[in-house]
Each structure stands twice: as structure tokens, then as C-alpha cells.
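Right, one structure below, let's go through it.
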Amino acid sequence: MVLLWMGFIESDSSDDAEDPRALVHMASIELFTLNPATLKLTKFKTLVSIMSEVSSDEDHLPVDLFQEPPNYFPPPPPHTFTSYTLASGQILNLRLVGHNPLWGHHVWNAAHSISAYLQTPSNAARLIHSKTTLELGAGAGLPSLVATTLGAQRVVITDYPDADLVDNIRWNVDNCSALTPPQRSAIAPDHRKAGFDTLILADLLFNHHCHAQLVSTIQRTLAPTPSARALVFFSPYRPWLLGADLAFFTLAEEGGLAVEKIGEEVTEKVMFRDDPGVSASSYGRVRTRIQDHGFEVGGTCRLASW
């Protein structure tokens, strides 16, 4: 009886059946009583067309066949919260979406590493202070919030156009107690044709098929000045695919960008303890699983080690 709702029903030759409304009304009644063995396909297209024409007439269609019942889908997971301590001792409280198919419900290792890198006084002066900044795939927006506290002139925070993600970024900006009102006003949309001084890409290399698009985005949004930089930090969460992660930088060089590695950092713990790439006996200390790699990408960059 599962296919009955699709309307494989042949009407009677009665006068009522010639009326489209009668046909729909009869179908809605007989859907649950007709023997599947008697189904015929001859009137299927006509029935669908008629149902489409009168589907808004509640008097003749007692139920909406294409509407899920109330509470059919489980409620979304609730928001979670985390915090990050700045070098100044101030605490940034972050709200995370309950779940996101693009993993925006995590603060990834590279976001922590870039945030620490930016707070080094020389890097803050060179990359952030009075500079324009664009973060791609920001998630909760931690590096952008850090950049704002360091005196960036303009900060643009972006991610996939998912309403929950965008609303959550806005919430983190509006509720960040570490920001002064002038700093908060520095976070705003900015479609500058001249490009940005600093781009932030934290853990965006795992989708290898998107590498070409990422390189193109850097080329189109990085300011055409010798000092402009794209910070590309990532962790090899799948160490067996590290070569595919690193292929991004070869592609960037082929696209005319200068690339130099600025260092590696072994983090205190892995993000996903039960990940098959982590040894069960390591207690989170498998080096290949928790090694953050940092690169600066620019038109003419030549970089010191980190």
C-alpha cells in the first residue's frame, strides 16, 4: 500500500468523476481502501495535475500529503560554549553551533595556533595592527576576534552561507566582552576591490578537491602589495593524507604565490581521541596526529622560521 499515496488511481465513469474536484476528493478517500492489485496507471498524470491545481483548497484535500507531521525531525543539538585566554589574560568566551555538516561546531587546532602566532608582538605589528583582515571558513571566529583585539583596522569574518553559522558568528561578536565598542565596530562587511592585507585560513585544507578554489580566492582577495600575507595553518588530522594536504602549497606556487613554511607545533592533545589515526595507547601524543603546520603565502613573501 506504500505507493497508493502517489495517486495510481483510475476514476469511475460517473458524472462526479468528471469534475476535477470530485476526482481529487474521491482519490483522497480511496487512497487507504483500494486493493493494490487493482491499481492502474492510466489516470496518474491527470490526477497529479489536478491535485497540483487544487492543492491549496483545504475543503477538498483533508491532509497535506507532502508535509511532515509535527516533531517528525529531532530538534537540533543545543549550542555549546568554550573559552580562549588571550596573551593579555583576557578571556574570550565563544558560542558554537550545536552541529554543522561542515564541522563549524568545533574550534580547530589551527585556529588556536594562528591566534597564538598573531599575538606575538612583531607579528601583531606586521600583520594586524591598522591592517585589513579577512578570515575564510571562520567557524566561531576565534582568530578574527583575536585580530580585532590587536587593533585591526577592518575585520571581515566569513564562512559558508549557513544561517546558523552566520548568526552564531554575529552572536560571538556582539557578546565578546574583550572588545571595546570601537573594536567591535571594526568588524563589518567590506567588499574592497583593493584586497586585504592579511588573510586567515585555519584548517581549511582537508577538502582536497577545493584547493584550486582556495588558491583562486587568495589571488582575488589578497592585496597586491609586497607586505600582504595569507596565513594558512592546518593539522594533518588524517596523517596518511598529509601529502594531499601539502599539495595545496604546490598549487599556490604554480599560481604565482610565494610560499614559505614558518614552523610546526606539537599540540598538547589530539582533537578526536577516538579517531582511527590515533593510537589507543598514546593518550593523545601521537606526533603525526597533532602536528600543526603554519605557512605564510604572499606575492613576494620570504619568511623567518616560527
Taking every heavy atom of A152 against every heavy atom of A186, the minimum-distance pair comes out as O-CB, 4.0 Å
If you measure from CZ on R229 to CD1 on I218, what distance do you get to the nearest 0.5 Å? 12.5 Å
Go through the steps to decide whether F233 and Y117 satisfy the test ring-ring contact (aromatic ring centres under 6.0 Å, His included), and finish with yes or no. CA-CA 10 Å; F233 283 42; Y117 183 72; 5.5 Å; yes
Given L145 and V155, is the side-chain contact (heavy atoms from CB on, under 4.5 Å) satisfied, shown in steps? CA-CA 8 Å; L145 293 174; V155 177; over 6 Å; no
Could you grab the distance from atom CD1 of I187 to atom OG of S144, nearest 0.5 Å is fine? 7.0 Å
Please determine whether residues L86 and I200 belong to a single hydrophobic cluster, defined as Ile, Leu, Val, Met, Phe, Trp and Tyr linked transitively by side-chain heavy-atom distances below 4.5 Å. yes
Check the surroundings of atom NE2 in H79: do more than 12 heavy atoms from other residues, nucleotides or ligands lie under 6.0 Å from it? yes
Closest heavy-atom pair and its distance - L118, L231: CD2-CD1, 3.5 Å
Distance check, rounded to the nearest 0.5 Å: H211 atom NE2 versus S216 atom OG? 14.0 Å
On a heavy-atom basis, the closest approach of A230 and L201 is CB-CD1, 4.5 Å
Validation row: V259, F248 side chains within 4.5 angstrom (heavy atoms): no
Is there a side-chain contact between L246 and F234 (heavy atoms, below 4.5 Å)? yes
Kindly say whether L127 contributes a backbone atom to a donor-acceptor pair with the side chain of T198 at under 3.5 angstrom? yes
So do V146 and Y84 actually touch side chain to side chain, heavy atoms under 4.5 Å? yes
Of all heavy-atom pairs between V97 and D164, which one has the smallest distance, and what is that distance? CG1-O, 3.6 Å
Return the minimal non-hydrogen interatomic distance between D203 and A110, and the atom names on each side. OD2-N, 3.1 Å
Please answer whether the main-chain N or O of L92 pairs with a side-chain N or O of S83 as donor and acceptor at a distance below 3.5 Å. no
Heavy-atom closest pair (D159 atom, G137 atom, distance to 0.1 Å) is OD2-C, 3.4 Å
With no hydrogens and no angle check, do the side chains of D197 and T132 hold a donor and an acceptor under 3.5 Å apart? yes
Do the ring planes of F81 and W171 sit parallel (below 30°), tilted (30 to 60°) or perpendicular (above 60°)? perpendicular
Between I128 and N123, is there a side-chain heavy-atom distance shorter than 4.5 Å? no
Return each pair, listed once, that meets salt bridge (Lys or Arg N to Asp or Glu O under 4.0 Å) where at least one residue sits in residues 239-256; pairs must be two or more places apart or across chains. none
Membership question, hydrophobic clusters at under 4.5 Å side-chain separation (ILVMFWY): are V297 and L251 in the same one? yes
Can you tell me how far the CZ atom of R154 sits from the OG1 atom of T148, to the nearest 0.5 Å? 10.5 Å
Find the distance between NZ (K261) and CD (E296) and round it off to the nearest 0.5 Å. 14.0 Å
Excluding sequence neighbours, so at least two apart, what forms salt bridge (charged side-chain N to carboxylate O under 4.0 Å, His left out) with R170? D167
What residues, two or more places apart in sequence or in another chain, satisfy salt bridge (charged side-chain N to carboxylate O under 4.0 Å, His left out) together with D162? none
L94 side, atom CG; N168 side, atom CG - distance, nearest 0.5 Å: 9.0 Å
